[in-house]
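Only one structure is covered here, and it is reproduced in the block below.
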Amino acid sequence: MISLCLTLDYELFGSGRGDVFKHIIQPTNRMLGICEQHKIKLTIFFEVVEYWKLKEAYESGITMGYSSNPATAMKEQIQRAYQLGHDVQLHLHPQWIDAKYEKGEWLLNLDYWRLPELPDQPDETISMGLPELIRKGKETLESILQAVNPEYKCNILRAGGYNIDPSDRLLKVLKQHSFIADSSVYFGGKAEGNLSKYDYSNISETKAYWYASNNSLTSSNGISSGFLELPIFAQKRRRILKYDAVRIKSAMQNKANSLEKFKNNSTKKSKWETVQFLLQEEALTWDFCLFSKGKMRNFLKAAIRLQKHSAMLFHPFILVGHPKDFYYPDALLYLAKQAGKREIAFHTLSELQEKIKQQ
């Protein structure tokens with residue numbers, strides 16, 4: 001039996017662009033339909049700061065071109081998802097904290113792209129500190145979902161753009177607010193762009209999870225208890241192989257946003273440097289929204305091989321996806337089909353951490 005956890009980062013584009021209904025609500029509805037049909041469970045990471053700003057703007061009379069309240073649609077969708085058996089947990093992009101909607105677009109504070117760089121207290125550069133953000137985010141999600149189930153708890157985080165390190169201050173705040181796990185790291189990940197900066201290149205794919213040290217979510221405390229890190233599964237691939245037909249067609253659907261993302265996550269290169277860059281290996285996250293059926297097949301085979309030789313008694317695999325990328329359901333449908341042929345169990349992150357506690 002192989003255990004999979006499909007996680008969904010529920011958000012607009014990092015620049016603030018996008019249409020809530022086109023890029024979040026509609027694709028998530030399509031996904032929920034497939035999941036219900038094939039008994040697949042999701043963990044939805046709900047971007048709560050974005051939600052606050054959309055709600056605030058619409059209720060103050062700024063419609064942003066919407067004919068109905070986008071924040072209400074988001075709230076009702078995650079309540080429905082939770083009722084269907086999916087998990088919902090906290091996702092944070094701090095660049096939204098002081099966002100303003102002006103002249104038809106959102107203006108974000110890109111100086112605070114990375115969650116660990118948020119100060120402890122508000123100051124002249126930002127109106128909310130790290131402890132307040134975590135507290136208010138948790139309270140918002142619990143307010144929304146305890147209306148469905150009073151037992152619901154918001155206690156797992158994913159940082160925006162996988163930017164979680166250095167995590168000593170953040171880890172302390174998370175523990176203070178009764179969080180038990182994070183899922184922001186991915187095997188072999190590294191970013192040195194204009195906005196995202198992290199280095200997970202020393203993390204091995206053979207570790208399905210670990211209990212974090214007091215100083216960093218990227219290192220283990222060496223014991224079987226504490227704050228849990230649940231990394232996203234990734235494999236090294238040449239960058240040029242990342243761009244198959246499905247990924248290119250998805251990028252073309254959101255051309256402006258794809259170009260902006262590429263610009264923000266890369267540095268200026270000559271033509272020769274670009275060729276060398278594309279031929280280098282990169283850690284590619286297991287993405288059930290952007291993968292072709294062939295890539296999904298290859299990653300599933302790799303996971304089965306890894307689990308077979310794993311030293312861990314329980315070795316789950318965490319996948320990632322985004323509604324804004326979900327134009328082609330081939331990879332998800334392939335996974336659903338394979339679940340009917342072989343032993344595949346789908347878990348939420350909350351279920352995973354409970355199962356890990358029993359090991």
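Fair warning: this is a prediction, and the values are worked out from it, not measured in the lab. Quick note: residue numbers are just sequence positions, from 1.
In this structure, the ring of Trp96 has its center no less than 6.0 angstrom from the ring center of Trp52. Under the 6.0 Å cut-off for aromatic ring centres, Tyr66 and Tyr58 do not qualify, their centroids lying 6.0 Å or more apart. For Phe13 and His23, the ring centers are positioned less than 6.0 Å apart.
Within the structure, every pair that satisfies the salt bridge (Lys or Arg N to Asp or Glu O under 4.0 Å) test and touches residues 342-354, not counting sequence neighbours, is listed here: Lys41-Glu351, Glu354-Lys357. Residue pairs meeting the salt bridge (Lys or Arg N to Asp or Glu O under 4.0 Å) criterion with at least one member in residues 91-117, sequence neighbours excluded, are Arg114-Glu117. Among residue pairs with one or both ends in residues 154-173, those qualifying as ring-ring contact (aromatic ring centres under 6.0 Å, His included) are Tyr162-Tyr186; sequence neighbours excluded.
A search for salt bridge (charged side-chain N to carboxylate O under 4.0 Å, His left out) contacts involving Glu56 returns Lys53, not counting sequence neighbours. Not counting sequence neighbours, the partners of Asp9 by the salt bridge (charged side-chain N to carboxylate O under 4.0 Å, His left out) test are Arg158. Taking Arg80 as the reference, nothing meets the salt bridge (charged side-chain N to carboxylate O under 4.0 Å, His left out) condition, with sequence neighbours excluded.
The minimum heavy-atom distance between Trp106 and Ala57, with the atom names listed, is CH2-CB, 4.0 Å. Of all heavy-atom pairs spanning Phe227 and Asp182, the tightest one is CE2-N, 3.6 Å.
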Evaluate Ile164 against Glu229 for side chain to side chain contact (heavy atoms under 4.5 Å, CB included), listing each step before the verdict. CA-CA 11 Å; Ile164 200 69; Glu229 179 59 39; 5.6 Å; no

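Interatomic distance, CD1 of Ile356 versus CD of Gln358, reported as 10.5 Å (0.5 Å rounding).
Other residues, nucleotides and ligands contribute over 12 non-hydrogen atoms within 6.0 Å of the NZ atom of Lys207.
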